[in-house]
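Counting begins at 1 with the first residue of the sequence. Predicted model only: the values in this text are computed from it and were never measured. Below, all heavy atoms of this structure are taken into account, side chains as well, without hydrogens, waters or symmetry copies.
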Amino acid sequence: MSTVDTQELAEKVQQIYRQVAEHPQGGFHFEMGRPLAERLGYPSELLDAVPPGAVESFAGVGYFFDLAALRPGERVLDLGSGSGTDAFAAAHLVGQFGRVVGVDFTPEQLEKARRLATATGLDRLVEFWEGRIEMLPMADAAFDCVISNGVINLSADKARVFAEATRVLRPGGRLAVADIVTEQQLTDAIIGNAELWAACIGGATQENTYRALIESAGLVVREVRRNDYGFISDQARSATTRYGVKSISLLAIKT
């Protein structure tokens, strides 16, 4: 567990991602939208299958669908699904016989994702549930793959997140994520700053610790790669330089 005030953190996260949903052209610590997604590696044909209203609020930190290797008919869970870019992309990949569920706790993000799903008819393939990624409202072994993009770093209890992801995965299921990690330990002042947590910096864990938490949950890390990702604000860039804050994409398998 971290030393951050978890209630203040939740409020800060919801405040930022409310703005991401409602005002995607606003100023943030991070880039957003289709240009970012394309630079991270999302194929144009995959983004074309996603409602533009979702893509405009895309705030991911990496690409992982090549690692996830989703197949038609599979069941997928998206942790911190936001306005739905990755959930809609996953629905395109698993097809009409698959199922995708997105989980988020920011009401405005959920409302936007649900509205887009209904307007485009994609609500036949994907649904969005309100919930916390540390306490998933799903049955054991319900999914073939769990995905997440730039969200787990926001949690103050990452061990619980990975334990829950493992619980809802079937044996042999995959965890495919992109997230922010560090090369050096952050200071207590940064870790205790809810605003820096909400900006995807303060909650970043050292990469080796992040991997250890995944493996302690019962998953085997198969691949890790660094992403071409950078923050915008001077404060965020300073942390990147000083502590080696970076984005990685990772694949792990449930044993």
Do you know which two heavy atoms are closest between [X] and [Y], and how far apart they sit?
| X | Y | answer |
| --- | --- | --- |
| Gly53 | Leu116 | C-CD1, 3.6 Å |
| Ser44 | Glu38 | OG-OE2, 3.8 Å |
| Phe64 | Ala178 | CD2-N, 3.7 Å |
| Ala49 | Leu122 | O-CD1, 4.4 Å |
| Ile147 | Ala90 | CD1-CB, 4.3 Å |
| Tyr229 | Arg39 | CA-NH2, 4.5 Å |

Note, [X] side chain near [Y] side chain (heavy atom, < 4.5 Å):
| X | Y | result |
| --- | --- | --- |
| Pro107 | Gln14 | yes |
| Ser148 | Ile133 | no |
| Thr182 | Tyr210 | no |
| Lys158 | Thr209 | no |
| Trp129 | Leu136 | no |
| Leu125 | Val100 | no |

To the nearest 0.5 Å, how far apart are [atom1] in [X] and [atom2] in [Y]?
| X | Y | atom1 | atom2 | value |
| --- | --- | --- | --- | --- |
| Ile214 | Leu250 | CD1 | CG | 4.5 Å |
| Leu213 | Asn208 | CG | CG | 10.0 Å |
| Glu207 | Gln184 | CD | CD | 13.0 Å |
| Phe143 | Arg75 | CZ | CZ | 8.0 Å |
| Arg114 | Asp123 | CZ | CG | 12.0 Å |
| Leu40 | Leu36 | CG | CG | 4.5 Å |

Could you tell me whether the side chain of [X] and the main chain of [Y] form a donor-acceptor pair under 3.5 Å?
| X | Y | answer |
| --- | --- | --- |
| Ser83 | Ser57 | no |
| Lys254 | Ala141 | no |
| Ser155 | Asp157 | yes |
| Thr85 | Ala54 | yes |
| Asn149 | Val61 | yes |
| Asn153 | Asp179 | no |
| Asp104 | Leu110 | no |

Report, one line per pair, each donor and acceptor closer than 3.5 Å where one atom sits in a side chain of residues 66-73; sequence neighbours left out.
{"unit_1": "Asp66", "atom_1": "OD1", "unit_2": "Arg225", "atom_2": "NH2", "d": "2.9"}
{"unit_1": "Asp66", "atom_1": "OD2", "unit_2": "Arg225", "atom_2": "NH1", "d": "2.9"}
{"unit_1": "Asp66", "atom_1": "OD2", "unit_2": "Arg225", "atom_2": "NH2", "d": "3.2"}
{"unit_1": "Arg71", "atom_1": "NH2", "unit_2": "Glu74", "atom_2": "OE2", "d": "3.1"}

*Start with the C-alpha gap between Arg174 and Leu169, add the side-chain angles, then the distance that decides, and say whether side chain to side chain contact (heavy atoms under 4.5 Å, CB included) holds.*
CA-CA 7 Å; Arg174 294 101 66 203; Leu169 279 172; 5.8 Å; no

Salt bridge flag under 4.0 Å for residues [X] and [Y]:
| X | Y | result |
| --- | --- | --- |
| Asp48 | Arg34 | yes |
| Arg99 | Glu127 | yes |
| Lys112 | Glu56 | yes |
| Arg115 | Glu22 | no |

*Are Thr205 and Ile152 close enough, and set up right, to give a side chain to side chain contact (heavy atoms under 4.5 Å, CB included), and what steps lead you there?*
CA-CA 10 Å; Thr205 303; Ile152 297 173; over 6 Å; no

*Please identify each residue that fulfils side chain to side chain donor-acceptor pair (under 3.5 Å) with Arg160, with sequence neighbours left out.*
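Here no residue qualifies.
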
*Which is it for Leu79 and Leu77 under the side chain to side chain contact (heavy atoms under 4.5 Å, CB included) test, yes or no, and what are the steps along the way?*
CA-CA 6 Å; Leu79 305 182; Leu77 174 63; 3.8 Å; yes

*Decide if atom CZ of Arg242 counts as having more than 12 heavy atoms of other residues, nucleotides or ligands within a radius under 6.0 Å.*
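No, the 6.0 Å shell around CZ holds no more than 12 heavy atoms from other groups.
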
*Donor + acceptor pair across side chains of Asp86, Tyr42 (<3.5 Å)*: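 The answer is yes; a qualifying pair exists.
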
*Ring centers of Phe88, Phe128 separated by less than 6.0 Å*: yes

*Can Arg167 and Glu164 be said to form a salt bridge (Lys or Arg N to Asp or Glu O under 4.0 Å), step by step?*
CA-CA 5 Å; Arg167 179 183 67 79; Glu164 281 289 270; 2.8 Å; yes

_Please tell me whether Leu251 and Phe162 are part of a single hydrophobic cluster in this structure, the criterion being side-chain heavy atoms less than 4.5 Å apart._
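In one cluster with Leu251: Phe162, no.
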
*Would Asn227 and Tyr63 count as a side chain to side chain contact (heavy atoms under 4.5 Å, CB included) if you check the C-alpha gap in whole Å, the side-chain angles of each, and the deciding distance to 0.1 Å?*
CA-CA 8 Å; Asn227 298 314; Tyr63 181 69; 5.8 Å; no

